[in-house]
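In what follows, a single structure is set out as structure tokens and then discussed.
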Amino acid sequence: MIAARGITKQFGDFVALDDVTIEIPDGSLTALLGPSGSGKSTLLRIIAGLETPDRGVVEIHGRDQTHVPPQRREIGFVFQHYAAFKHMTVRDNVAFGLKIRKQPKARIDARVNELLEIVGLAGHQKRYPNQLSGGQRQRMALARALAVEPRVLLLDEPFGALDAKVRADLREWLRRLHDEVHVTTILVTHDQEEAMSIADRIAVMDHGRIEQVGHPRELYDRPANRFVMGFLGPVSEIGGRLVRPHDIVIELEPSPGAHEAQITRIVHLGFEVRVELALARRDGVFAQLTRDEAQQLEVSEGDIVWLRATNALVEAPDPA
Amino acid sequence: MTVSRPWQLTLRILALGWLLALLLAPVALIFYRTFEPGIGAVWDSITTPAAISAFWLTIEVSAIAVVVNTVLGVVMALALARGRWRGRWVLDAIIDLPFAISPVVVGLSLILVYGTTGWFGRDLADLGIRVIFSVPGIVLATVFVTLPFVVREVTPVLREVGDEQEQAAATLGASGWQTFWRITLPSIRWGIAYGVVLTTARAIGEFGAVSVVSGKVSGETETLTLLVEKRFANFDLAGAYAASALLAAIALLTLLIMTTFNRRREEA
Amino acid sequence: MSAVALTRRRPAARSGALALGISTLWLSVIVLLPLAAVVVRSLDGGVGDFWDAVSSRQAVDALRFTVLVSLATAAIDAVTGTLLAWVLVRDRFPGKRIVNALIDLPFALPTIVAGLTLLALYGPTSPLGIDIAFTQGAVLLALLFVTQPFVVRSVQPVLIEVDREMEEAAISLGASNRTVFLRIILPNLLPAILSGAGLAFARAVGEFGSVVLISGNVPFDTQVSSVYIFKLIESDAPISAAAVSVVLLLVSVLVLAGIRLLGRWGARHDR
């Protein structure tokens with residue numbers, strides 16, 4: 001298990017981490033999810049030893065690592081912008097950590113070949129990083145980090161610099177890789193879809209604190225607060241309660257507990273139909289319907305309807 | 001990579017110590033030696049007729065070199081940054097030549113072209129034009145050695161700015177001249193300013209090339225740097241120091257302007 | 001190709017051709033014509049005279065000393081320049097801004113003044129009691145003074161741009177500071193160090209003003225080529241001077257070409 005306990009870190013006046021505690025089970029793929037400035041990258045860098053905490057303890061496999069230099073923490077770190085050694089070939093990049101450990105040449109060759117096979121760069125041994133695409137560079141960086149058989153793999157926004165298509169492919173590829181290699185992995189991301197689609201566990205962070213930790217579905221279905229709910233998906237507010245737009249039922253007749261609203265716009269997004277509504281005093285809510293549901297309703301823009309929430313998740317604080 | 005504290009201090013002391021021994025201590029000593037005999041003596045020695053004439057000749061020559069090299073420097077930068085023909089690299093390489101050629105060779109080359117036994121020496125003499133051992137020779141030498149500065153500062157700026165703004169101006173109906181004055185020139189102004197400062201500093205300080213072609217006639221073809229050398233050769237050490245201190249003060253002023261421009265340029 | 005694009009390109013091409021024409025003419029008159037005169041007129045006395053001029057013992061000794069002392073200058077600059085660049089980029093101390101500005105002092109200071117200042121501190125009237133005037137060491141010192149900024153100014157921007165994540169990646173893989181510097185940082189700085197040292201070498205080979213006072217101009221000892229050429233001009237032997245100059249020019253041009261190739265080689269792994 002990897003643990004960070006009571007971690008506090010300040011940069012000047014800015015509190016990057018405020019008494020953060022988190023435990024990462026062995027073999028898991030945990031995502032640190034949060035907006036920029038939430039402290040997630042700082043936490044990752046502290047676990048790696050690239051930053052020192054002002055207070056708190058980092059443990060890896062039960063041993064205090066807080067004052068162990070990063071060189072001896074046996075970690076693998078992958079950066080957003082690849083951090084490729086641009087003056088070395090792909091092969092030399094991957095072999096770097098093994099050469100430093102003075103492994104015999106035959107062992108290094110075997111290991112490098114094996115890893116390049118796994119990350120799908122077997123034919124690119126002698127290329128330089130500038131001859132690779134962004135996705136290939138990041139796979140090389142992953143192979144480089146895995147080569148030294150780290151106790152934990154730390155990924156700092158690894159797909160952040162890639163375009164959407166490549167990002168989606170690599171995401172899936174990383175999940176499969178994790179299922180094969182089983183190395184404990186911590187992934188920092190600001191993309192909730194990325195976290196939801198590959199992580200076993202998600203820790204949602206904001207303003208240097210961890211708001212909630214749990215299984216992706218748990219976080220989506222039972223968010224601890226308004227922030228977590230809002231960060232994991234779209235939210236509409238009805239009658240002082242927060243609701244997922246797909247949990248809103250539109251009715252044509254008034255009923256107890258239903259709220260009157262006027263339809264301002266109907267947007268057809270294929271399978272999903274998005275109905276934008278104006279409530280009596282507030283505006284800006286919308287409901288998500290399937291195409292069939294929308295057809296059955298037979299409503300159009302300007303109609304007055306009644307809204308009911310089937311599954312309100314969080315009570316909204318009273319507007320001041 | 002974070003360097004440990006003792007290492008950091010060691011490196012800092014080594015670096016600053018080197019700078020102190022090589023640059024700062026000698027220059028500081030010159031100022032000290034200059035003002036040792038008192039400020040009155042310094043004033044007297046930089047206001048002799050020869051010194052005043054040398055000062056104005058230096059200013060005159062530098063002004064011509066700056067104007068000529070700025071205008072043509074911008075033209076050459078435009079040719080390099082905006083042109084698309086092959087063989088541009090030849091032009092590019094020739095522009096660097098003055099940086100790599102000994103000033104003495106520059107002076108010699110002018111003698112071989114414009115001197116009495118030079119290619120055009122006799123023709124020019126027939127026309128009554130004297131280049132070598134005269135002010136035009138000093139100007140030519142100075143223009144030669146300061147030629148690259150403005151080009152080298154402006155070309156990268158032009159490349160970086162790109163020509164999209166110029167094309168946008170053209171689509172809005174601006175003529176070539178209007179585009180140049182309103183779009184191109186404002187975007188390269190700090191590059192030009194920096195190039196002008198470098199050109200000025202080098203023009204004021206040029207010694208070797210000027211030394212060869214000047215003839216060193218006191219009050220006529222003697223620049224400030226030549227005055228320093230002459231006074232030194234005549235064992236007038238105090239006088240040489242005083243003229244040196246004046247030139248060093250100009251150099252420090254140049255540094256100040258360069259630093260300010262650099263900051264402006266980074267902010268721009 | 002649309003009509004709009006064509007009409008837009010035409011005036012641009014015309015002004016481009018004008019700029020090229022003016023540039024070529026200007027460079028020809030100011031730079032190429034005089035240099036051509038040096039090359040052509042070095043043969044005024046025939047190949048035999050040319051050979052005699054460049055192979056005289058004094059010429060050969062001066063050239064050998066020039067090249068050797070310039071190489072030493074470039075090598076020392078490479079080390080001290082990298083050190084200074086490192087301290088200016090990675091260290092923080094009060095007055096760093098001023099130090100950074102003072103790096104350029106040798107570019108701004110007239111070379112004759114540089115020579116005089118060195119002579120004041122390290123000459124016969126030295127307050128430190130160090131007198132190395134009129135020795136080969138003095139020539140080296142003068143050349144170090146005037147070439148000091150080249151390596152600093154070429155390494156500094158590259159060092160600023162060195163990807164810090166690359167260093168952190170190496171550290172996370174177990175590399176010590178020494179290994180990070182030697183295997184990661186230095187290889188990335190090397191092209192800049194070499195090109196800065198190349199520029200310093202080219203400058204040193206032709207340097208005159210700073211050397212002329214402090215070298216004492218002792219033939220077969222402290223006399224460098226540029227001073228030797230100057231003496232030949234003064235003794236009214238411009239054709240011999242031209243011959244020696246051609247050799248010096250050749251060295252400069254080769255170094256310049258080398259730096260250009262180096263630039264391309266250095267950029268080979270950049271995105």
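Atom set for the values below is all heavy atoms of this structure, side chains included, hydrogens, waters and symmetry mates excluded. Residue numbering restarts at 1 for every chain, and letters A, B, ... go by the order of the sequence lines.
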Which one wins on heavy-atom pair count under 4.5 Å against chain C: B/Val228, B/Ile111, B/Leu91?
B/Leu91

Cut-off 4.5 Å, heavy atoms of chain B, and the answer for C/Ile185 is side chain

Report yes if some heavy atom in the side chain of C/Val212 is under 4.5 Å from a heavy atom in the side chain of C/Asn217; otherwise report no.
no

Pair count under 4.5 Å, heavy atoms only, with chain C: among B/Leu198, B/Leu97, B/Leu237, highest is B/Leu97

If we define contacts as heavy-atom pairs under 4.5 Å, which of C/Val253, C/Leu144, C/Leu27, C/Asp44 has the most with chain B?
C/Leu27

Out of C/Leu121, C/Thr125, C/Leu35, return the one with the most heavy atom pairs under 4.5 angstrom to chain B.
C/Leu121

C/Leu128 versus chain B, the contacting section by heavy-atom distance below 4.5 Å:
neither

State, to 0.1 Å, how close B/Val150 and B/Gly195 come at their nearest heavy-atom pair, and which atoms those are.
CG2-C, 3.8 Å

Take B/Asp92 and B/Arg152, measure what salt bridge (Lys or Arg N to Asp or Glu O under 4.0 Å) needs, and give me the verdict at the end.
CA-CA 10 Å; B/Asp92 202 46; B/Arg152 280 292 164 251; 3.4 Å; yes

Is it the backbone or the side chain of C/Val255 that comes under 4.5 Å from a heavy atom of chain B, or both, or neither?
neither

For C/Ser210 and C/Thr111, which I'm curious about, is there any donor-acceptor pair between the side chains at under 3.5 Å?
no

Carboxylate-amine/guanidinium contact C/Arg90 C/Glu167, below 4.0 Å
yes

Which one, B/Leu108, B/Leu247, B/Val212, leads in non-hydrogen pairs under 4.5 Å with chain C?
B/Leu108

Heavy-atom pairs under 4.5 Å with chain C are the metric here; pick the option from B/Leu23, B/Leu78, B/Val113, B/Val27 that has the most.
B/Leu23

Do we see a donor-acceptor contact under 3.5 Å between the side chains of B/Thr184 and B/Glu166?
yes

Using a cut-off of under 4.5 Å on heavy-atom pairs, state which of B/Thr117, B/Leu14, B/Leu80 scores highest against chain C.
B/Thr117

The test is side-chain hydrogen bond (donor to acceptor under 3.5 Å, both in side chains); show your working for C/Thr73 and C/Ser70 and say whether it passes.
CA-CA 5 Å; C/Thr73 302; C/Ser70 301; 5.5 Å; no

Region of C/Phe201 that comes under 4.5 Å of a non-hydrogen atom in chain B:
neither

Which answer fits C/Ile171, side chain, backbone, both or neither, if we ask what part of it has an atom under 4.5 Å from a heavy atom of chain B?
side chain

Pairs where residues 8-24 of chain B contributes a residue and the test side-chain hydrogen bond (donor to acceptor under 3.5 Å, both in side chains) is met, not counting sequence neighbours
B/Arg5-B/Gln8, B/Gln8-C/Asp91, B/Arg12-C/Asp91

If we define contacts as heavy-atom pairs under 4.5 Å, which of C/Ser226, C/Ala257, C/Ala202, C/Gly209 has the most with chain B?
C/Ser226

Measuring heavy-atom distances to chain B, does C/Val205 have an atom under 4.5 Å in its side chain, in its backbone, in both, or in neither?
neither

What part of B/Leu22 gets within 4.5 angstrom of chain C, counting heavy atoms only: side chain, backbone, both, or neither?
both

Max heavy-atom pairs within cutoff under 4.5 Å with chain B, candidates C/Val38, C/Ile112, C/Ile233, goes to C/Ile112

Go through the atoms of B/Pro103 and report whether side chain, backbone, both or neither lie under 4.5 Å from a heavy atom of chain C.
both

Can you say whether B/Ala21 sits under 4.5 Å from chain C via the side chain, the backbone, both, or neither, judging by heavy atoms?
both

Quick check on the interface: out of B/Ile95, B/Val151, B/Leu11, who has the most heavy-atom pairs with chain C under 4.5 Å?
B/Leu11

Answer whether the closest heavy-atom distance between the side chains of B/Thr70 and B/Thr199 falls below 4.5 Å.
no

For C/Leu256, is it the side chain, the backbone, both or neither that has a heavy atom under 4.5 Å from a heavy atom of chain B?
side chain

Go through the atoms of C/Arg92 and report whether side chain, backbone, both or neither lie under 4.5 Å from a heavy atom of chain B.
backbone

Should C/Leu159 and C/Trp86 count as side-chain neighbours, where that means a heavy-atom distance under 4.5 Å?
yes

Is C/Leu254 in contact with chain B via its backbone, its side chain, both, or neither, using a 4.5 Å heavy-atom distance?
neither

Checking heavy atoms, do the side chain of B/Ala240, its backbone, both or neither come under 4.5 Å from chain C?
both

Checking B/Met258 against chain C: side chain, backbone, both or neither under 4.5 Å from a heavy atom?
side chain

Under a 4.0 Å threshold between the charged nitrogen and the carboxylate oxygen, would C/Glu207 count as salt-bridged to C/Arg203?
yes

Would you call C/Arg153-C/Asp104 a salt bridge at under 4.0 Å N-O?
yes

Tell me if the aromatic rings of C/Phe150 and C/Phe107 count as close, with their centers under 6.0 Å from one another.
yes

Contacting moiety of B/Phe31, where chain C heavy atoms sit under 4.5 Å:
neither

Which residue pairs pass the side-chain hydrogen bond (donor to acceptor under 3.5 Å, both in side chains) test when at least one of the two sits in residues 250-259 of chain B, sequence neighbours left out?
none

B/Phe232 and B/Tyr241 aromatic centres sub-6.0 Å
no

Using non-hydrogen atoms only, which part of B/Leu112 is less than 4.5 Å away from chain C: side chain, backbone, both, or neither?
both

In terms of heavy-atom pairs under 4.5 Å with chain B, the winner among C/Ile22, C/Val99, C/Leu102 is C/Leu102

Residue, of C/Leu141, C/Leu213, C/Asn100, C/Val246, that accumulates the most heavy atom pairs under 4.5 Å with chain B
C/Leu213

Donor + acceptor pair across side chains of C/Thr147, C/Asp77 (<3.5 Å)
yes

Taking the six-membered ring for Trp, are C/Phe208 and C/Phe230 parallel (under 30°), tilted (30 to 60°) or perpendicular (over 60°)?
tilted

Report which part of B/Ile250 has an atom under 4.5 Å of a heavy atom belonging to chain C: side chain, backbone, both, or neither.
neither

By a 4.5 Å heavy-atom criterion (distance strictly below it), what part of C/Leu109 contacts chain B: side chain, backbone, both, or neither?
both

